[in-house]
Amino acid sequence: MQRRSFLTKSAIGATAGVIAAPAFAQINPEVKWRLASSFPKSLDTIFGAAEAFTKRVSQLTGGRFQIRQFAAGDIVPGLQVMDAVQAGTVEMGHTPSYYYFGKDPTFAFDCAVPFGLTSRQQTAWFDQGGGRELMRDFFKDYGIINFMAGNTGTQMGGWYRKEIKSLEDVKGMKIRIAGFAGRVMERMGAVPQQIPAGDVYAALEKGTIDAAEWVGPYDDEKLGLAKVAPHYYTPGWWEAGPQLSFYINIKEWEKLPAQYKAAVETASFECHVTMQAAYDTKNPSALARLIKNGAKLHTFSKAIMDEAYKISTAVMEEEAARNAKFKKVYEPWKRFRQDQNMWASVSEQTMQNYLISIGRK
């Protein structure tokens with residue numbers, strides 16, 4: 001009797017599965033969006049994260065929600081993705097928010113600020129520490145809803161034509177750098193310039209700039225930066241854990257069925273985690289290759305780090321004093337950073353430092 005009951009329930013379940021697909025199609029329409037990326041296809045880890053996202057959304061919606069991805073320059077230049085999403089030229093974009101620092105420095109908290117959060121801390125802040133709510137309230141003014149879309153981990157300090165031994169060497173140096181870091185570098189005497197990834201190599205080769213930071217070994221190797229600027233510095237104090245974002249036009253978001261919204265949320269979180277994992281996997285071997293082929297690895301001096309920290313703090317405090325939107329995010333963010341660094345000093349840093357020390361023996 002129990003066996004017959006089980007078989008009957010199984011048959012009903014199988015029938016429900018057969019009718020589920022057409023029922024889903026009747027309830028949920030076909031939707032086709034365009035996604036503008038800030039990155040070239042050659043940067044497969046960053047660009048590839050959005051590719052994985054679009055495929056996953058399609059899988060989760062039975063192929064009825066299709067998002068077509070376009071590389072930087074295909075629809076709009078890489079630095080204009082936010083404008084395209086805001087205007088409705090495209091439904092969504094994949095970009096780092098600090099590219100739009102010039103519109104309002106508050107954008108940088110959605111990505112990275114100098115001496116900010118590590119990738120793990122940034123995810124914790126956004127997902128559990130109130131960051132999502134603060135940033136979505138800010139993005140409403142631009143008609144955009146934002147989602148986590150990857151993180152590179154702490155970046156390198158960039159490529160330089162000559163060694164940067166002292167603060168004096170920074171003065172007059174033309175460097176490709178974005179966001180808050182550009183303002184800090186300017187106060188240190190450098191000349192910051194914001195240049196898309198695809199143009200960085202040419203600018204270094206022609207001497208238009210003296211130095212450039214991008215991401216880290218894996219991407220930097222692809223861009224060939226070591227060929228024109230051999231001195232490779234660490235750490236990228238301006239990007240301890242830069243987060244990428246998916247931007248979606250709010251009006252388009254509100255049109256989506258609930259199942260499609262859930263698919264976006266699920267796929268974006270998966271993309272966020274896998275990008276970080278990919279960089280952590282690929283960077284060690286890429287760094288070894290770069291050094292083997294002649295790159296000279298250096299660490300910024302304590303004097304440079306101390307000056308950069310002092311100026312960074314001053315710049316952010318000044319911005320908070322004149323920009324209410326910035327202050328609204330900055331004050332709770334600052335408390336979160338303090339708590340996170342206290343905890344890290346007790347836990348991960350202690351363990352990591354020990355493992356590094358025995359690894360050198």
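The first residue of the sequence shown is numbered 1, and numbering continues consecutively from there. The structure displayed is predicted, hence computed values, not measured ones. Only heavy atoms go into these numbers, but all of them, side chains included; no hydrogens, no water, no symmetry mates.
Within 6.0 Å of the CZ atom in Phe269, the count of heavy atoms belonging to other residues, nucleotides or ligands does not exceed 12. The environment of CD in Gln352 is sparse: at most 12 heavy-atom neighbours from other residues, nucleotides or ligands sit within 6.0 Å. The 12-atom threshold is not exceeded at NZ of Lys327, counting heavy atoms of other residues, nucleotides or ligands nearer than 6.0 Å. Within 6.0 Å of atom CZ in Arg289, more than 12 heavy atoms from other residues, nucleotides or ligands are found, so the atom counts as buried in its surroundings.
The side-chain hydrogen bond (donor to acceptor under 3.5 Å, both in side chains) search around Thr154 returns none, not counting sequence neighbours. Partners of Lys255 by salt bridge (Lys or Arg N to Asp or Glu O under 4.0 Å), not counting sequence neighbours, listed by chain and number: Glu252. For Glu317, the salt bridge (Lys or Arg N to Asp or Glu O under 4.0 Å) partners at least two apart in sequence or on another chain are Lys334. Under the side-chain hydrogen bond (donor to acceptor under 3.5 Å, both in side chains) criterion, Glu239 pairs with Tyr98, not counting sequence neighbours. Applying the side-chain hydrogen bond (donor to acceptor under 3.5 Å, both in side chains) rule to Gln349 yields no partners; only residues at least two apart in sequence or on another chain are considered. Lys174 is linked by a salt bridge (Lys or Arg N to Asp or Glu O under 4.0 Å) to nothing, counting only residues two or more places apart in sequence or in another chain. For Lys227, there are no side-chain hydrogen bond (donor to acceptor under 3.5 Å, both in side chains) partners, not counting sequence neighbours. Lys302 pairs by the salt bridge (Lys or Arg N to Asp or Glu O under 4.0 Å) definition with Asp306, not counting sequence neighbours.
To the nearest 0.5 Å, atoms CZ (Arg34) and CG (Asp74) are separated by 10.5 Å. Note that OG of Ser285 and NZ of Lys292 are 12.0 Å apart. Values are rounded to the nearest 0.5 Å. In this structure, Lys310 NZ and Met305 CE are separated by 15.0 Å, a value rounded to the nearest 0.5 Å. Going from atom CG of Leu256 over to atom CD of Gln259 covers 10.5 Å, rounded to the nearest 0.5 Å. Put simply, OH on Tyr233 and OG on Ser301 are 8.5 Å apart, with the number rounded to the nearest 0.5 Å. To the nearest 0.5 Å, atom CD of residue Gln155 and atom CH2 of residue Trp238 are 9.0 Å apart.
Under the 30°/60° scheme for interplanar angles, the aromatic rings of Phe107 and Phe138 are found to stand perpendicular. Between Tyr99 and Phe39, the angle of the ring planes lies from 30° to 60°, which puts this pair in the tilted group. Ring-plane geometry between Trp333 and Tyr330 is classed as parallel, the angle between the planes falling under 30 degrees on a 0 to 90 degree scale with a further cut at 60.
Cation-pi geometry between Arg136 and Phe147 is met: the NZ or CZ atom falls under 6.0 Å from the ring centre, inside 45° of the normal.
The pair Lys171-Glu168 counts as a salt bridge, with a side-chain nitrogen and a carboxylate oxygen less than 4.0 angstrom apart.
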Given Lys328 and Asp137, is the salt bridge (Lys or Arg N to Asp or Glu O under 4.0 Å) satisfied, shown in steps?
CA-CA 10 Å; Lys328 183 180 178 181; Asp137 184 60; 2.6 Å; yes
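Of all heavy-atom pairs between Lys222 and Asp44, the closest is CE-OD1, 2.7 Å. Between Ser268 and Phe246, the shortest heavy-atom distance links the atoms CB-CD1, 3.8 Å. In terms of heavy-atom proximity, Ala263 sits nearest to Thr61 at CB-CG2, 3.8 Å. Shown here for Phe109 and Phe326, the closest heavy-atom pair between the two residues is CE1-CE1, 3.3 Å. Val215 approaches Asp220 most closely through the heavy-atom pair N-OD1, 3.3 Å. What you find for Leu297 and Met156 is that their closest heavy atoms are CD1-CE, 3.7 Å.
The closest donor-acceptor contact from the side chain of Tyr279 to the backbone of Asp219 lies at 3.5 Å or more, if one exists at all. Judged purely by atom type and a 3.5 angstrom limit, Ser119 has no side-chain atom pairing as donor or acceptor with the backbone of Gly241.
Screening residues 126-135 for side chain to side chain donor-acceptor pair (under 3.5 Å), with sequence neighbours left out, gives Asp127-Arg132. The salt bridge (Lys or Arg N to Asp or Glu O under 4.0 Å) analysis of residues 256-278, with sequence neighbours excluded, yields the pairs Arg56-Glu270. Sorted by first and then second residue, the salt bridge (Lys or Arg N to Asp or Glu O under 4.0 Å) pairs with a member in residues 95-117 read Asp83-Lys103; sequence neighbours excluded.
Linking ILVMFWY residues whenever their side-chain heavy atoms come closer than 4.5 Å, directly or via other members, places Leu134 and Phe101 in the same cluster.
For the residue pair Thr281 and Tyr218, no side-chain donor N or O sits within less than 3.5 Å of a side-chain acceptor on the partner. Defined by atom type and a distance below 3.5 Å, a donor-acceptor pair is missing between the side-chain atoms of Ser38 and His94.
The closest side-chain heavy-atom distance from Glu91 to Val85 is not below 4.5 Å.
For Tyr142 and Tyr247, the ring centers are positioned 6.0 Å apart or more. Two rings, from Trp33 and Phe65, have their centers less than 6.0 Å apart.
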Which pairs of donor and acceptor atoms, one on a side chain in residues 176-191, lie under 3.5 Å apart (sequence neighbours left out)?
| unit_1 | atom_1 | unit_2 | atom_2 | d |
| --- | --- | --- | --- | --- |
| Arg176 | NE | Ile195 | O | 2.8 |
| Arg176 | NH1 | Glu213 | O | 3.0 |
| Arg176 | NH1 | Glu213 | OE2 | 2.7 |
| Arg176 | NH2 | Ile195 | O | 3.2 |
| Arg183 | NH1 | Glu319 | OE1 | 3.0 |
| Arg187 | NH1 | Glu318 | OE1 | 3.3 |
| Arg187 | NH1 | Glu318 | OE2 | 3.2 |
| Arg187 | NH2 | Glu318 | OE1 | 2.5 |

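Put simply, the residue from Phe300, Trp159, Tyr160 that forms a ring pair (Phe, Tyr, Trp, His ring centres under 6.0 Å) with Tyr232 is Trp159.
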